Q: 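This is the structure, below, for whatever I ask next.
What you are looking at is a predicted structure, and each value in this text was computed from that prediction instead of being measured.
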Amino acid sequence: MGLTKTHMFTDKQNELARIAKVLAHPARVAILEYISKQDACICTDLVDIIGLAQPTISQHLNEIKKIGLLKGTFEGKNLCYCIDQERWQEIQETLHTFFSNINRNCC
């Protein structure tokens with residue numbers, strides 16, 4: 001697989017691409033939807049809820065954490081997750097800015 005040459009693009013373009021990559025997988029969307037609907041951080045086993053193997057869930061959680069969208073704390077042996085609200089707001093603003101600045105007058 002070739003190099004992505006990210007150095008050729010602006011920080012904003014690279015950031016948007018990282019966000020889009022995380023949101024492009026349906027399992028990650030399902031995980032985020034589930035976590036965002038909870039009243040508190042979740043410590044339950046996402047395997048039962050999402051239906052994927054534990055290593056797969058862990059890989060997806062790591063990808064989501066890479067863009068700073070999840071916060072985690074240890075409670076006993078469990079790692080509990082919740083949405084980082086500040087980062088969620090930043091991501092919403094980034095996506096809104098991108099989609100708002102698209103020229104709608106072409107073709």
Side-chain angles (χ1 to χ4, degrees):
M1 195 154 116
L3 297 175
T4 58
K5 300 184 181 180
T6 55
H7 67 281
M8 296 173 53
F9 305 101
T10 67
D11 289 342
K12 283 189 175 198
Q13 290 167 333
N14 282 307
E15 175 70 3
L16 186 59
R18 282 189 294 274
I19 292 167
K21 182 178 178 182
V22 167
L23 297 176
H25 198 290
R28 295 179 198 143
V29 172
I31 289 167
L32 286 168
E33 282 180 334
Y34 178 77
I35 293 173
S36 69
K37 291 178 182 174
Q38 305 311 304
D39 293 331
C41 290
I42 64 151
C43 301
T44 58
D45 193 3
L46 288 170
V47 171
D48 296 331
I49 295 152
I50 305 298
L52 298 172
Q54 182 61 52
T56 304
I57 294 286
S58 293
Q59 288 173 349
H60 287 304
L61 289 169
N62 283 331
E63 290 300 315
I64 297 168
K65 286 190 286 187
K66 283 181 185 177
I67 63 167
L69 199 45
L70 291 179
K71 294 191 289 188
T73 58
F74 280 102
E75 290 187 15
K77 294 181 180 180
N78 294 328
L79 184 56
C80 301
Y81 292 101
C82 58
I83 302 290
D84 183 325
Q85 294 298 324
E86 187 175 314
R87 180 64 175 139
W88 181 247
Q89 187 65 37
E90 291 172 5
I91 288 172
Q92 284 179 316
E93 289 170 13
T94 298
L95 292 170
H96 177 74
T97 299
F98 175 73
F99 287 113
S100 295
N101 291 326
I102 296 296
N103 185 358
R104 294 179 191 100
N105 295 327
C106 67
C107 304

Q: Taking Val29 as the starting point, is it possible to reach Ile49 by hopping between hydrophobic residues whose side chains are less than 4.5 Å apart?
A: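 Result: no, two separate clusters.
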
Q: When rounded to the nearest 0.5 angstrom, what distance separates CG in Leu70 from CG in Leu32?
A: 6.0 Å

Q: Should we count CD of Gln92 as having more than 12 external heavy atoms under 6.0 Å?
A: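 Above 12, so yes.
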
Q: Tell me whether the count of non-hydrogen atoms from other residues, nucleotides or ligands lying under 6.0 Å of CG in Asp11 goes above 12.
A: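 Result for CG/Asp11: open.
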
Q: Within a strict 4.5 Å, meaning less than it, do heavy atoms of the Leu46 and Leu61 side chains meet?
A: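 In short, these two side chains touch, coming nearer than 4.5 Å.
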
Q: List the residues meeting salt bridge (Lys or Arg N to Asp or Glu O under 4.0 Å) with Lys66, not counting sequence neighbours, and say none if there are none.
A: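 With sequence neighbours excluded, Lys66 shows a salt bridge (Lys or Arg N to Asp or Glu O under 4.0 Å) to Glu63, given in chain and number order.
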
Q: I would like to know whether Gln54 and Ser58 meet side-chain hydrogen bond (donor to acceptor under 3.5 Å, both in side chains); could you show each step before the answer?
A: CA-CA 6 Å; Gln54 182 61 52; Ser58 293; 3.2 Å; yes

Q: Taking disulfide bond (SG atoms under 2.5 Å apart) as the cut-off, I'd like each qualifying pair that reaches into residues 58-101, sequence neighbours left out, listed once.
A: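 Found Cys43-Cys80.
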
Q: Under the 3.5 angstrom rule, does the side chain of Arg87 hit a backbone N or O of Ile67 as a donor-acceptor pair?
A: yes

Q: Could you give the distance from CD1 (Ile64) to CD1 (Ile83), rounded to the nearest 0.5 Å?
A: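 Here the interatomic distance stands at 7.5 Å.
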
Q: Between Glu15 and Arg18, does at least one N-O distance fall below 4.0 Å, as a salt bridge requires?
A: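 Judged by the 4.0 Å cut-off on N to carboxylate O distance, Glu15 and Arg18 do form a salt bridge.
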
Q: Report yes if the side chains of Tyr81 and Lys65 come closer than 4.5 Å at any heavy-atom pair, otherwise no.
A: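 Answer yes - side chains close enough.
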
Q: Distance from Ile91 atom CD1 to His96 atom NE2, nearest 0.5 Å?
A: 15.5 Å

Q: With rounding to the nearest 0.5 Å, note down the distance linking NE2 in His60 to CG in Asn62.
A: 10.5 Å

Q: Is any side-chain heavy atom of Tyr34 closer than 4.5 Å to one of Ile42?
A: yes

